Amino acid sequence: MVYSEECDFIFRLKGILEFACQLDNPNGVQSQSTISKSFQDLRSKVTSKNIVFTVCNSPVLIWPNTGFQSSVESLTEASACGDILQWIESDDGGSKKSSKKKDKKKSGPTVVNMKLLFEVTEPAGNTAPSLIRVSTQQHCVKMPLPLDCALSVTTDERLETVCTGLVEALNKQLADMEEVVLQYRKGSSFLVPQPFHFQLPEPAGLITVVYPAGVPDSQLQAVREDLHRKFELPCDRPYLRRANAFHFPDAAYKDGYLRNPHIHLNPPNIEDAKLYLVQGVYSYHHYMQDHVDDNGWGCAYRSLQTICSWFQQQGYVETAVPTHTQIQQALVDVGDKEPRFVGSRQWIGSIEVQAVLNQLLGVTSKIMFVSQGSELATKGRELANHFQTEGTPVMIGGGVLAHTILGVVWSENTGQIRFLILDPHYTGGEDLQTITDKGWCGWKGPEFWDQNAYYNLCLPQRPKSI
Amino acid sequence: MGRSYFVDEAVGEYLSGLQAAPGSCVTGLLAGQSSPQRDFVVLAVQTPHRESEGQLKALKGVSPLDDIDVEWVTEHAKQVSRMLPGGLCVLGLFLVTPPELSKDAQNALKRLIFAVEKYIIKGRLWELSEEDVTDRVTLHICSKTKKLLCKTFDVKDPKSSAKPADWKYQTGISSSWPMLTCSVEVDLQIPVTGSSSDNTDKCMKDGLRRWAKQIEAAYCLINGRQALDDSELISGQAHVCSFQKKNPKTTNRQTLPARIFVSDEQSELGERSSALVQVCSGSMRVRGVVHCRAYIHNNKPKARHAAQAIKRDIINTVCSRVEMFLEDLCINEGSQKGLCSGQQALPRRVFAPMPISGLSVCDYMFPDESTADVAERLKEMLDCETPEEDIDTSLENNQLFSIISGFEITDSQDDDSSKHVSEIQAENHKIQKPPKYYAVGSGRYSSFMCGPCSSHCSPCHSHISTVFQLMEKAKMFV
């Protein structure tokens with residue numbers, strides 16, 4: 001996750017707008033223009049005086065289409081967007097601050113969450129209500145559109161500009177949604193258009209793409225190819241699959257697993273050495289998680305789970321991270337193990353990891369054999385290359401233990417090397433402090449390995465696809 | 001530890017002035033506002049006399065208490081509820097009996113209070129929250145000694161027994177109550193599935209309920225401030241100055257504008273991946289602006305209670321007028337209701353000063369009615385004379401389209417509906433001016449105008465059987 005150095009804030013505006021229309025004949029020629037008309041009405045709604053942005057966890061309300069008015073006197077059109085922070089109550093002031101102090105790394109831009117609302121008071125007229133009844137056979141279509149716009153800005157950008165930008169973004173998103181709805185409509189069956197945000201390499205930055213709900217990534221290949229061309233993205237790795245969607249810094253991961261605990265560590269300071277790290281996002285899997293007591297036998301399974309989580313989160317696969325049982329079953333399915341293997345507490349090694357990655361994820365891996373632990377210190381170049389080109393986590397098994405290697409610090413000249421190790425033998429809870437303090441995720445030297453045991457490493461290869 | 005009812009002195013005067021025929025009983029309603037700490041009563045109205053020719057019941061003989069027309073009392077309560085702005089409600093009943101019936105009065109009151117509550121909440125689009133007070137007051141007055149016996153029943157619990165309560169008189173109870181106001185734009189598209197009139201009613205109900213939930217969940221600003229939390233509505237205003245105490249008529253009533261912000265979020269729709277498509281036989285649209293009011297007591301009221309009061313008024317006013325319109329329609333169109341098209345004006349809201357307290361009440365005026373009709377209804381329902389010039393009809397404008405000459409196609413670009421509307425213009429010409437029967441049970445029984453013969457007798461005997469048939473149908477709503 002690399003943020004643009006300049007962007008201090010992300011203003012995120014979410015809201016639901018109900019799309020509704022009545023179609024006489026869903027298959028008729030009129031229906032397209034009826035649908036477009038309804039979208040046009042929604043766009044008018046969004047540019048009307050009635051829309052209001054409310055800043056979450058604050059008393060601030062902004063009317064962006066009335067020459068910028070806000071409910072708080074000190075926020076005017078001239079205000080810098082950073083001024084808004086003083087009004088926002090954070091959920092837990094205390095603990096956040098202390099962990100920030102320890103974090104020497106920049107934790108990324110501040111997210112300001114806003115919600116889209118419509119005022120129903122202060123109407124233009126005051127004609128009392130009428131009831132209008134129409135009795136013709138019609139198809140009544142209703143669909144909630146999940147609007148979600150995000151803007152990256154610097155701290156001195158004016159709040160007014162941000163709000164105008166958000167209104168424009170809403171308009172554009174509605175236009176994109178209209179396109180998607182029309183494209184994927186079959187008669188009276190409409191798919192909900194869903195926005196996804198992606199953080200692309202500069203100059204593109206944060207973009208939003210609308211995909212139709214229910215259509216799997218595999219069927220959206222052509223759409224992605226177009227976008228890869230448009231944004232000049234490499235054609236061999238995914239950037240725009242749903243799993244690649246930008247994870248907003250303030251959002252917790254619902255599954256509870258820690259992501260990339262290594263970013264909270266400082267790499268060792270070795271003279272003349274370079275840092276080669278895993279690319280992208282993985283989840284930390286370890287002993288005792290998911291109510292599975294695999295203490296003493298499950299370390300390789302956990303390393304494999306960490307690797308699977310990487311492929312899932314980079315968008316290469318949509319399948320969930322496999323359980324111990326599913327891993328064992330896969331090995332039976334490929335003929336590597338007898339059926340009674342399933343449910344047992346037998347260890348697995350790099351070869352089995354390779355087999356499961358192939359069977360369940362369609363991922364191929366290279367195996368590296370090291371006859372003595374002491375030799376690992378000489379494998380700097382291979383590992384550096386691996387992290388540079390593939391950037392996947394590496395499973396290493398030998399002696400009686402399995403670990404995951406997430407990166408190396410290696411000097412081409414002096415040969416000095418350190419290994420970034422994620423240890424699956426941890427039995428505690430998802431406590432980042434403990435995990436980093438006690439070295440469950442940490443930098444180790446060559447002495448970490450059993451100097452006399454032989455090791456096998458499984459190096460998963462990225463599939464070439466978008 | 002019973003509840004305390006703070007009652008306006010003028011209510012006391014009204015109650016003392018009630019005349020009961022010897023040996024008989026008088027029933028009536030008590031209206032005001034409940035808050036967790038205490039309750040306020042600002043209005044008392046006796047049950048109006050019911051025209052009952054052709055229905056002379058032989059006295060059942062046991063007791064005048066048995067002769068109390070429960071149905072009529074509940075109907076009166078419902079009508080009065082519709083006339084109360086937000087924050088105010090019917091919160092109890094009184095019963096005046098001769099001394100010999102005092103013992104049995106409690107049972108009668110208990111029966112009545114539960115029946116009234118049950119009838120009032122029928123068709124209501126919002127639920128009581130946990131904080132709402134569910135105690136209702138029953139006041140028994142002995143016609144000879146004028147002694148008052150005040151008790152409460154918890155209407156949430158049918159088995160509850162009477163609890164003692166305090167009844168205290170004070171002057172100018174509501175003179176400083178702030179008034180919340182707003183005008184709300186309503187534009188609801190409601191699909192109609194099926195074709196019978198019951199279907200139409202159900203679809204309308206469902207559509208209104210969905211809208212009501214949006215309003216309940218809406219963000220609210222009162223007087224420019226957020227109205228979410230437990231903060232006080234008006235800081236530093238709790239003290240009523242002594243001048244006002246002595247001169248309750250001089251009101252220092254604050255008007256607090258409310259602003260309501262909704263989102264289209266509907267949790268029932270949840271995470272859908274496709275649109276909800278229904279095949280409809282038609283649609284209904286309620287479109288226009290409603291003017292809303294609510295009052296909140298000034299004993300350290302919380303902002304969110306004030307927000308709740310105005311929101312409930314918004315929901316009630318739209319629901320009431322739709323109900324009234326459909327009841328009226330049912331009488332006129334009968335079973336044809338589901339099939340017709342057109343644009344018709346819903347009754348519009350007018351306000352009048354409330355007897356006693358200086359608060360206002362409201363009523364609904366059909367397009368062909370006048371302030372004279374409103375004044376008549378106010379006399380009957382609230383037992384008070386209101387000069388016609390005091391009735392404020394300016395808050396909601398008359399719907400612009402002309403009923404006589406056809407109707408304006410409003411700038412609703414609602415797709416295909418507009419062309420259909422013009423086609424049936426001729427047909428609707430008839431419907432727009434229906435012969436109206438304002439019958440008991442549909443809530444418009446005070447001005448009994450018999451359409452077919454346009455006589456203002458009450459009721460016109462040659463049409464009475466039709467009227468009662470249609471009355472029965474009218475009760476079908478909800």
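What you see is a predicted model, and the numbers here were worked out from it, not measured in a lab. Throughout, protein chains are lettered first and strands after them, A, B, ... in sequence-line order, and every chain is numbered starting at 1.
Nearest heavy-atom pair across Val289(B) and Asn126(A) is CB-CA, 3.8 Å. Closest approach of Arg321(B) and Ala128(A) over heavy atoms only: NH1-CB, 4.5 Å.
Near-neighbour residues of residues 164-191 of chain A relative to chain B, defined by a heavy atom under 4.5 Å from a heavy atom of that chain, comprise Ser188(A), Phe190(A), Leu191(A).
Contact annotation: the side chain of Asn50(A) never approaches that of Phe261(B) to less than 4.5 Å [non-hydrogen atoms, C-beta and beyond]. Looking only at side-chain heavy atoms (C-beta outward), Thr127(A) and Arg348(B) stay at 4.5 Å or farther from each other. Between Val290(B) and Pro129(A), the closest side-chain pair of non-hydrogen atoms falls below 4.5 Å. At a threshold of 4.5 Å between non-hydrogen side-chain atoms, the residues Met143(A) and Ser274(B) do not count as touching. No side-chain heavy atom of Ser130(A) sits under 4.5 Å from any side-chain heavy atom of Gln344(B). The side-chain heavy atoms of Val52(A) and Tyr219(B), taken from C-beta on, include no pair separated by under 4.5 Å. Residues Arg285(B) and Leu131(A) are not in side-chain contact: their nearest non-hydrogen atoms beyond the backbone lie 4.5 Å or more apart.
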Contacts under 3.5 angstrom, residues 112-125 of chain A side chains, donor-acceptor by atom type, not counting sequence neighbours:
{"unit_1": "Asn113(A)", "atom_1": "ND2", "unit_2": "Asp250(A)", "atom_2": "OD2", "d": "2.8"}
{"unit_1": "Glu119(A)", "atom_1": "OE1", "unit_2": "Trp63(A)", "atom_2": "NE1", "d": "3.1"}
{"unit_1": "Glu119(A)", "atom_1": "OE1", "unit_2": "Arg259(B)", "atom_2": "NH2", "d": "3.0"}
{"unit_1": "Glu119(A)", "atom_1": "OE2", "unit_2": "Thr121(A)", "atom_2": "OG1", "d": "2.9"}
{"unit_1": "Glu119(A)", "atom_1": "OE2", "unit_2": "Arg259(B)", "atom_2": "NE", "d": "2.7"}
{"unit_1": "Glu119(A)", "atom_1": "OE2", "unit_2": "Arg259(B)", "atom_2": "NH2", "d": "3.3"}
{"unit_1": "Thr121(A)", "atom_1": "OG1", "unit_2": "Ile260(B)", "atom_2": "N", "d": "3.0"}

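Of the atoms belonging to Ala258(B), it is backbone heavy atoms, and not side-chain ones, that fall under 4.5 Å from chain A. Heavy atoms of Ser58(A) lying under 4.5 Å from chain B belong exclusively to its backbone. Interface remark: Gln278(B) contributes backbone and side-chain atoms alike to the contact with chain A (heavy atom separation under 4.5 Å). If you measure heavy-atom distances from Val186(B) to chain A, you find no contacts under 4.5 Å at all. With a 4.5 angstrom heavy-atom cutoff, Ser394(B) touches chain A only via backbone atoms. When heavy atoms are compared at a cutoff of 4.5 Å, Leu188(B) does not approach chain A at all. Only the side chain of Leu61(A) comes within less than 4.5 Å of a heavy atom in chain B; its backbone stays farther off.
Sparse packing is recorded around CD of Gln32(A), with 12 or fewer heavy atoms of other residues, nucleotides or ligands lying under 6.0 Å away.
Asp264(B) places a side-chain N or O within 3.5 Å of a backbone atom of Glu18(A) that can act as its donor or acceptor partner.
Within the structure, ring-ring contact (aromatic ring centres under 6.0 Å, His included) contacts touching residues 25-45 of chain A (residues at least two apart or in different chains) are Phe19(A)-Phe39(A). Screening residues 309-330 of chain B for ring-ring contact (aromatic ring centres under 6.0 Å, His included) gives no qualifying pairs among residues at least two apart or on separate chains.
Taking Ser183(B), Ala218(B), Pro257(B), Pro191(B) one by one and counting their heavy-atom pairs under 4.5 Å with chain A, the maximum is reached by Ser183(B). Heavy-atom pairs under 4.5 Å with chain B were tallied for Pro193(A), Pro146(A), Pro59(A), Pro212(A); the largest tally goes to Pro59(A).
Atom OG in Ser281(B) sits 9.5 Å away from atom CD in Gln138(A) (nearest 0.5 Å). With values rounded to the nearest 0.5 angstrom, Ser263(B) atom OG is found 11.0 Å from Leu147(A) atom CG. To the nearest 0.5 Å, atom CZ of residue Arg210(B) and atom NZ of residue Lys142(A) are 5.5 Å apart.
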